[in-house]
Amino acid sequence: MSELDIVEIERLEEKTPTVKSLFFDWEKSFQPGQFVMIWIPRLDEVPMAISKKELDFITVKKRGEATRTLHQMEVGDKIGIRGPFGNSYSLEDDPILVVTGGCGGASLIEAVFEAERSGKHVISCVGAETERELLFREEFSRLTDMKIATDDGSAGRKGLATELAVEVIDEENIGSVLTCGPEVMMKKVVEMCSERNIPVQASLERYMKCGIGICDSCTIDGKQVCIDGPVFRGEELVEMKEFGKLERKKDGRLKEI
Ligand SMILES: Cc1cc2nc3c(=O)[nH]c(=O)nc-3n(C[C@H](O)[C@H](O)[C@H](O)COP(=O)(O)OP(=O)(O)OC[C@H]3O[C@@H](n4cnc5c(N)ncnc54)[C@H](O)[C@@H]3O)c2cc1C
């Protein structure tokens, strides 16, 4: 097992009504797209993407007991961290198109910071249910050429991030694509890129317990998301029968997404 580091929460940022960033000082370095296992004392250990802006931070969407508890934490509270784990996004030819929806920005924002540091041009298509749920709006609009889609039309285009993405792909000479968000969205992005021979990488979320390739909970078509991913290339994804269709629940059984 990898070592557990205990860190103290130094700052909290409410990003949307259901998403919060928790900032702390962690001694380890990591690559964009990698994840950590966050230990919540006396409760659970859950995977989260990790990013850095002066301090290290995780960005948590409130879902069940573990994420609700993280949302209730205050400055000075302690959490444990194991990692970093998994592979990372590789920043390839620009313009890079980033397609994200829901909480996918939590995984992609560090890649956007890295693209800015290396002088790459990024176009982003960011989707959310409503304007209030747009994640990292300030960061995406400052660091990328940002296009917005909301389900209810309260900001940007009324519709899906994938509808914006296909227009951008057809109008701009996109060099490569990164995507993270709902799997149905990522499947569409991968399909449109594969049809046009544009390199695409997508970060998958699967139920995960150990994070280090032992328990096999996060398996998808024989690959373990924790060590073979979480970032997979378009060529691998188009071969996966479960991608966008089936996921394993806590008890290991496959269910439709
Ligand atoms: C590599 C990776 C990176 C992730 N990064 C982030 C992130 O940056 N921000 C974020 O908000 N969420 C992220 N997640 C998802 C996050 O781990 C789950 O939302 C969280 O574990 C839910 O726990 P819960 O007790 O609050 O909810 P539960 O009520 O237990 O479950 C709610 C939903 O979360 C899923 N889930 C539950 N436990 C896990 C688990 N151990 N591993 C994966 N999924 C789980 C369940 O399938 C269910 O659909 C990531 C998942 C993976 C695999």
Side-chain angles (χ1 to χ4, degrees), residues 13-21 32-33 49 51 59-63 89 91-92 94-116 120-196 198-205 230-232 234 237-238 243-245 247 257:
E13 251 177 45
E14 209 164 300
K15 306 302 289 184
T16 79
T18 59
V19 180
K20 247 186 195 178
S21 291
S51 321
T59 299
V60 184
K61 167 109 181 157
K62 205 193 287 178
R63 281 162 135 179
Y89 296 110
L91 291 187
E92 297 171 352
D94 65 351
I96 299 172
L97 174 65
V98 166
V99 188
T100 175
C103 195
S107 154
L108 281 165
I109 197 65
E110 184 63 22
V112 170
F113 293 154
E114 179 64 30
E116 193 217 8
K120 296 205 184 249
H121 176 46
V122 180
I123 302 172
S124 63
C125 295
V126 180
E129 282 177 19
T130 67
E131 178 168 26
R132 277 153 57 86
E133 285 296 339
L134 279 167
L135 182 58
F136 293 120
R137 184 176 190 169
E138 184 277 317
E139 292 84 349
F140 278 117
S141 68
R142 185 165 44 83
L143 303 172
T144 73
D145 176 1
M146 184 191 196
K147 296 168 196 312
I148 294 173
T150 50
D151 293 355
D152 66 354
S154 49
R157 171 89 62 89
K158 185 175 193 310
L160 302 173
T162 46
E163 291 162 12
L164 292 174
V166 74
E167 287 173 20
V168 173
I169 288 176
D170 289 339
E171 282 163 18
E172 312 277 342
N173 195 15
I174 293 297
S176 54
V177 176
L178 305 178
T179 183
C180 185
E183 206 162 298
V184 181
M185 179 202 86
M186 293 196 284
K187 189 169 171 62
K188 274 198 194 142
V189 174
V190 167
E191 281 167 2
M192 62 177 88
C193 291
S194 305
E195 282 160 12
R196 295 163 175 82
I198 300 172
V200 55
Q201 299 162 62
S203 180
L204 302 194
E205 252 188 39
V231 180
F232 291 90
L237 293 163
V238 290
F243 176 53
K245 292 192 181 126
E247 65 178 357
I257 287 178

Residues in side chain to side chain contact (heavy atoms under 4.5 Å, CB included) contact with Lys120, at least two apart in sequence or another chain: Leu91, Asp94, Ile96, Ala115, Ser118
For [X] and [Y], work out which heavy atoms get closest and say how close.
X      : Y      : answer
Leu135 : Ala106 : CD2-N, 4.0 Å
Pro95  : Ile123 : CB-CD1, 4.3 Å
Pro182 : Gly101 : CD-O, 3.6 Å

Output all residues satisfying salt bridge (Lys or Arg N to Asp or Glu O under 4.0 Å) with [X], sequence neighbours left out; order by chain, then residue number.
X      : answer
Lys15  : Glu13, Glu139
Glu191 : Lys187
Glu138 : Arg142
Arg63  : Glu205

Atom CD of Glu114: over 12 foreign heavy atoms under 6.0 Å: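 Yes - once you tally the heavy atoms of other residues, nucleotides and ligands closer than 6.0 Å, there are more than 12.
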Crowding at NZ, Lys188 (>12 non-hydrogen neighbours, <6.0 Å): no
Ile198, Val238, Leu237 screened by side chain to side chain contact (heavy atoms under 4.5 Å, CB included) with Cys193, the one that passes: Ile198
How many angstroms lie between [atom1] in [X] and [atom2] in [Y], if you round to the nearest 0.5 Å?
X      : Y      : atom1 : atom2 : value
Glu129 : Asp151 : CD    : CG    : 5.5 Å
Leu134 : Ile148 : CG    : CD1   : 5.0 Å
Phe140 : Cys125 : CZ    : SG    : 10.5 Å
Thr59  : Lys20  : OG1   : NZ    : 12.5 Å

Residues which pass side chain to side chain donor-acceptor pair (under 3.5 Å) with [X], listed by chain and number, not counting sequence neighbours:
X      : result
Ser124 : Thr144
Glu133 : Thr16, Thr18
Thr150 : none
Arg196 : Asp170

Trace of the side-chain contact (heavy atoms from CB on, under 4.5 Å) decision for Val126 with Met146: CA-CA 7 Å; Val126 180; Met146 184 191 196; 3.9 Å; yes
Atom pairs and distances, donor-acceptor, side-chain atoms in residues 154-166, under 3.5 Å, two or more places apart:
{"unit_1": "Ser154", "atom_1": "OG", "unit_2": "Glu131", "atom_2": "N", "d": "2.8"}
{"unit_1": "Ser154", "atom_1": "OG", "unit_2": "Asp152", "atom_2": "OD1", "d": "2.6"}
{"unit_1": "Ser154", "atom_1": "OG", "unit_2": "Asp152", "atom_2": "OD2", "d": "3.3"}
{"unit_1": "Arg157", "atom_1": "NH1", "unit_2": "Glu167", "atom_2": "OE2", "d": "3.1"}
{"unit_1": "Arg157", "atom_1": "NH2", "unit_2": "Glu167", "atom_2": "OE1", "d": "2.8"}
{"unit_1": "Arg157", "atom_1": "NH2", "unit_2": "Glu167", "atom_2": "OE2", "d": "3.1"}
{"unit_1": "Glu163", "atom_1": "OE1", "unit_2": "Leu160", "atom_2": "N", "d": "3.4"}

Evaluation steps, side-chain contact (heavy atoms from CB on, under 4.5 Å), between Phe243 and Leu204: CA-CA 9 Å; Phe243 176 53; Leu204 302 194; 3.6 Å; yes
Kindly list each side-chain donor-acceptor pair under 3.5 angstrom involving residues 172-181, sequence neighbours excluded, with atom names and distances?
{"unit_1": "Ser176", "atom_1": "OG", "unit_2": "Asp93", "atom_2": "O", "d": "2.7"}
{"unit_1": "Thr179", "atom_1": "OG1", "unit_2": "Val99", "atom_2": "O", "d": "2.9"}

side-chain hydrogen bond (donor to acceptor under 3.5 Å, both in side chains) contacts in which one or both residues fall within residues 98-110, not counting sequence neighbours: Tyr89-Ser107, Glu110-Arg117
